[in-house]
Every structure is written in structure tokens, then in C-alpha cells.
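Remember, it's 1-based here, ligands and their atoms both numbered in the order they're listed. Note that the structure is predicted; figures quoted are calculated from it, not measured. As a basis for the values below, the full set of heavy atoms in this structure was taken, side chains included, without hydrogen atoms, waters or symmetry mates.
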Amino acid sequence: MMRSRVASLALAAGLLFSMCGVPAIAQTPTPPGGPGPQGQGPQPGPGGPGGMNQKPKNLKVLPQDMSREQVTAIMRGFTGALGVRCTHCHVGQEGSPQSMDYAADDKDEKLTAREMLKMVRTINTDYVRMASGGDAKADVRCETCHRGRTEPPQPLADILVETASTQGADAAIAKYTQMRSESLEAGQYDFRERTLVGAARRLQEQNASDEAVALLKASIELFPNSADVVASLGMVLLQRGDRGGAQAQFNRALQLDPKNAMAQQGLRRLQGGPAAPGGPPP
Ligand code: HEC
Ligand code: HEC
């Protein structure tokens with residue numbers, strides 16, 4: 001690395017701030033490559049509950065000279081990103097500042113969070129910034145994965161495939177409906193019809209064709225105007241050898257959207273034409 005040590009320190013501090021959702025204002029006034037020892041930001045205000053002017057004494061990843069105030073700002077980012085309180089990672093009693101021992105490393109969650117900090121820093125310095133041209137707004141942050149939960153949410157299609165293969169398509173649709181009513185606003189899952197179509201396609205690939213058909217039929221009720229859902233059902237029926245059923249679904253999809261590519265392709269296949277335009281000659 002050709003970068004000067006001061007510049008990399010500045011970059012590291014900037015990364016640590018940005019990854020926690022804390023605006024990087026503390027860094028911007030410093031000219032690029034400019035000097036100035038790190039951690040000389042705004043001095044902590046007087047005391048405050050929990051002793052704001054007490055210097056952190058057990059920082060192993062964050063810069064050791066960070067003030068208590070700077071560390072606390074990052075910590076608030078952690079609680080928001082994971083949807084937890086300080087006591088999730090630190091020993092002590094919720095609501096009793098005197099009982100908190102922030103320096104102690106007793107909790108596994110704190111140790112995991114430390115590894116996560118290192119991971120996020122590596123992702124950003126070694127990979128993301130290569131692609132983003134150093135744009136801090138593109139950096140990965142705790143929130144990027146965690147979305148307000150201790151366990152980052154799985155893709156919805158994974159959940160639906162898992163539920164459909166173990167408990168059947170009805171259970172998968174029930175799960176979808178329940179999750180949509182509970183967490184639509186949190187924005188953690190993609191509830192659009194493409195997720196249902198993707199899950200059905202994967203079930204079909206896993207030879208769970210009955211579940212794929214049942215999932216798509218239920219999806220049509222949820223998205224009655226989606227040509228893609230109807231055409232996908234046609235494709236699954238075609239693969240099962242139900243040519244009549246497939247043709248009916250392709251026609252229905254074209255009524256909803258005369259330009260629907262999947263339905264057009266399905267009809268071409270039914271007529272014995274090439275599977276895809278430009279494909280190899282039979
Ligand atoms: C997700 C886990 C997590 C949560 C939640 C969390 N912290 Fe931390 N905290 C850490 C980790 C990890 C460190 C050590 C960082 C390092 O080693 O560089 C730390 C260090 C600290 C320190 C420095 C202690 C010292 O003396 O070295 C303070 C102060 C602190 N946290 C306060 C808080 C406060 C206040 C909250 C709630 C607003 C909070 N933390 C929430 C993980 C967490
Ligand atoms: C690239 C995705 C990703 C990023 C970014 C990420 N995490 Fe995680 N984190 C995970 C995964 C995956 C798990 C394991 C969850 C599980 O147990 O299923 C996890 C687990 C954890 C846990 C333990 C779970 C628990 O019960 O408390 C903590 C604490 C944690 N992460 C903190 C953080 C913090 C703090 C950051 C930001 C510095 C962060 N993570 C950034 C993916 C990520």
C-alpha cells in the first residue's frame with residue numbers, strides 16, 4: 001500500500017463512522033491527506049450520566065484514542081442496526097448506568113460484534129471501495145445486513161422454498177401472508193410477485209412440481225393481474241407435460257399483458273419452435 005499512514009488512519013476512522021450510520025461530518029473538514037492526529041474531534045461535554053469524559057480503556061478494533069463520546073455515537077448505531085439495547089453486548093443492568101461495565105469482555109455478543117467490526121472494515125477497505133471509487137456512501141454497514149435484527153433476515157424466497165418443501169405450499173402461502181402483514185413496513189423482505197415466482201421455480205428444479213403448481217395457483221389469487229405469475233404457472237405445467245393446461249395459462253397471461261415474453265416463449269415451445277430465439281438449431 002502506497003498510502004501514507006495518516007491517510008489510512010483517516011480512512012479507517014471515516015469507515016468506522018460511516019459503517020455505523022453516523023454521519024462522517026467529524027471527518028470532512030480535514031483536507032484529503034491532511035495531517036492532524038485522529039481522535040481530536042469535539043471534546044466530550046461535562047460528565048453526563050455514565051461519565052462521558054471517562055476514556056475508553058479496552059478498544060481493540062476502534063482507534064484507541066477515540067473519545068468516550070465518539071465511541072458512544074458508534075454504539076448507538078449498533079443498537080439501531082441490530083434492534084437491541086446496550087445490555088445485549090455489555091454487562092450491567094438496563095436503566096442503571098452505574099452498573100454498566102462497558103470495558104468488560106464477558107459477553108459473547110460483544111466478542112462477536114468486535115469480529116463483525118473487523119469484517120466490515122475489511123469488506124470496505126479491501127473490496128467495496130475498489131468498486132465505489134472510495135465513495136463512503138457505498139460502504140457496507142451493520143445495517144446493510146442486520147436490518148434492525150440480531151439475525152440478518154434471510155431472503156424471503158429461501159423461507160418460502162424451505163416451508164413449501166417441509167410443510168407444503170399452503171403453509172408457505174400462510175407464512176408469506178403472515179410475514180407481509182407483520183413486516184411490510186420494516187422493508188426487510190421483498191413481497192413482490194417475483195419472489196413467489198422465484199420460489200416456485202426453485203421448487204420445480206427440486207422436482208417438487210406439485211408444490212410449485214400449488215404455490216403459483218395461490219400466488220395468482222394474491223396477484224390476479226400479474227402476467228408473469230400466470231405465465232410461470234404455464235411453464236411449470238408445460239414441463240409436467242400438461243400441454244393443454246399450459247396453453248390456457250399462456251393465453252391468459254397474454255390477455256393480461258399482450259407483450260409478456262414468457263407467455264410468448266411458452267406458446268412458441270408448444271408449437272414446436274425453438275425454445276429461445278437465437279438458440280442453437282435443433
Ligand atoms: C452489538 C454489540 C454492542 C452493542 C449493542 C453496544 N456495544 Fe458498546 N462495544 C461493543 C464492542 C465490540 C466494543 C469494543 C470495540 C473495540 O474493541 O474496539 C464496545 C465498546 C464500548 C465502549 C468502550 C469501553 C471501553 O472502556 O473500552 C463503550 C463506552 C460502549 N461500548 C458503550 C456502549 C453503549 C452506551 C451502548 C448502548 C448505546 C453500547 N455500547 C452498545 C459492542 C456493543
Ligand atoms: C455481511 C453481513 C453482516 C454485516 C455487515 C454485519 N453482520 Fe453481524 N452477523 C451477520 C450474520 C450472518 C450473523 C449470524 C446471525 C445468526 O446467528 O444467524 C451475525 C451475527 C452478529 C451478532 C451475534 C448475534 C446476536 O445474537 O447478537 C452480532 C452481535 C453482530 N452480528 C454484530 C454486528 C455489528 C456490530 C456489525 C457492524 C459493525 C455487523 N454485525 C455487521 C452478518 C453481518
J.: Using a 4.0 Å cutoff against the non-hydrogen atoms of Thr79, which atoms of ligand 1 qualify?
T.: 5 (C), 37 (C), 38 (C)
J.: Looking only at non-hydrogen atoms, which of Thr150, Leu82, Asp108 approaches atom 28 (C) of ligand 2 most closely?
T.: Leu82
J.: Please could you name the atoms of ligand 1 that Ala103 approaches to less than 4.0 Å, counting only its heavy atoms?
T.: 24 (C), 25 (C), 26 (O)
J.: When you compare the side chains of Glu193 and Ser226, does any donor N or O come within less than 3.5 Å of an acceptor on the partner?
T.: yes
J.: Ignoring angles and geometry beyond distance, decide whether Arg85 reaches within less than 3.5 Å of ligand 1 through its nitrogen or oxygen atoms.
T.: no
J.: According to side chain to side chain donor-acceptor pair (under 3.5 Å), who are the partners of Thr166, at least two apart in sequence or on a separate chain?
T.: none
J.: Just the protein N/O/S atoms under 2.8 Å from atom 8 (Fe) of ligand 1, please, no waters.
T.: Met75 SD, His90 NE2
J.: Side chain, backbone, both or neither: which part of Arg68 comes within less than 4.0 Å of ligand 1 when only heavy atoms are counted?
T.: side chain
J.: Is atom 8 (Fe) of ligand 2 under 2.8 Å from any N, O or S atom of Met116?
T.: yes
J.: By side-chain contact (heavy atoms from CB on, under 4.5 Å), which residues pair with Gln255, not counting sequence neighbours?
T.: none
J.: Which of the atoms of ligand 1 are close to Val61, meaning less than 4.0 Å from one of its heavy atoms?
T.: 16 (C), 17 (O), 18 (O)
J.: Out of Leu111, Leu62, Val84, who gets a non-hydrogen atom closest to atom 18 (O) of ligand 1?
T.: Leu62
J.: So for ligand 1, is Lys55 a polar contact partner (N or O within less than 3.5 Å, distance only)?
T.: no
J.: Taking both backbone and side-chain atoms into account, decide whether His146 has an N/O/S atom under 2.8 Å from atom 8 (Fe) of ligand 2.
T.: yes
J.: Hey, are Gln249 and Arg252 close enough side-chain-wise for a donor-acceptor pair under 3.5 Å?
T.: yes
J.: Could you check whether any heavy atom of Thr112 sits closer than 4.0 Å to an atom of ligand 2, since that is the contact criterion I want to use?
T.: yes
J.: If you measure from each heavy atom of Glu143 to ligand 2, is any distance below 4.0 Å?
T.: no
J.: For a quick test of reading the model, state the closest non-hydrogen atom pair linking Ala200 to Ala212 and the distance between them.
T.: O-CB, 3.4 Å
J.: Polar-atom distance check: Leu117 versus ligand 1, any N or O pair below 3.5 Å?
T.: no
J.: Would one find an N or O of Asn58, backbone or side chain, under 3.5 Å from an N or O of ligand 1?
T.: yes
J.: With only distance considered, is Lys60 within less than 3.5 Å of ligand 1 through an N or O on each side?
T.: yes
J.: Once side-chain contact (heavy atoms from CB on, under 4.5 Å) is applied, do any residues pair with Pro56, and if so which ones, sequence neighbours excluded?
T.: Leu59, Arg68, Val71
J.: Counting only heavy atoms, tell me which of Glu115, Arg141, Glu151 gets closest to atom 5 (C) of ligand 2.
T.: Arg141
J.: Among Cys145, Pro153, Cys142, Pro152, which one puts a heavy atom closest to atom 2 (C) of ligand 2?
T.: Cys145
J.: Side chain, backbone, both or neither: which part of Lys57 comes within less than 4.0 Å of ligand 1 when only heavy atoms are counted?
T.: both
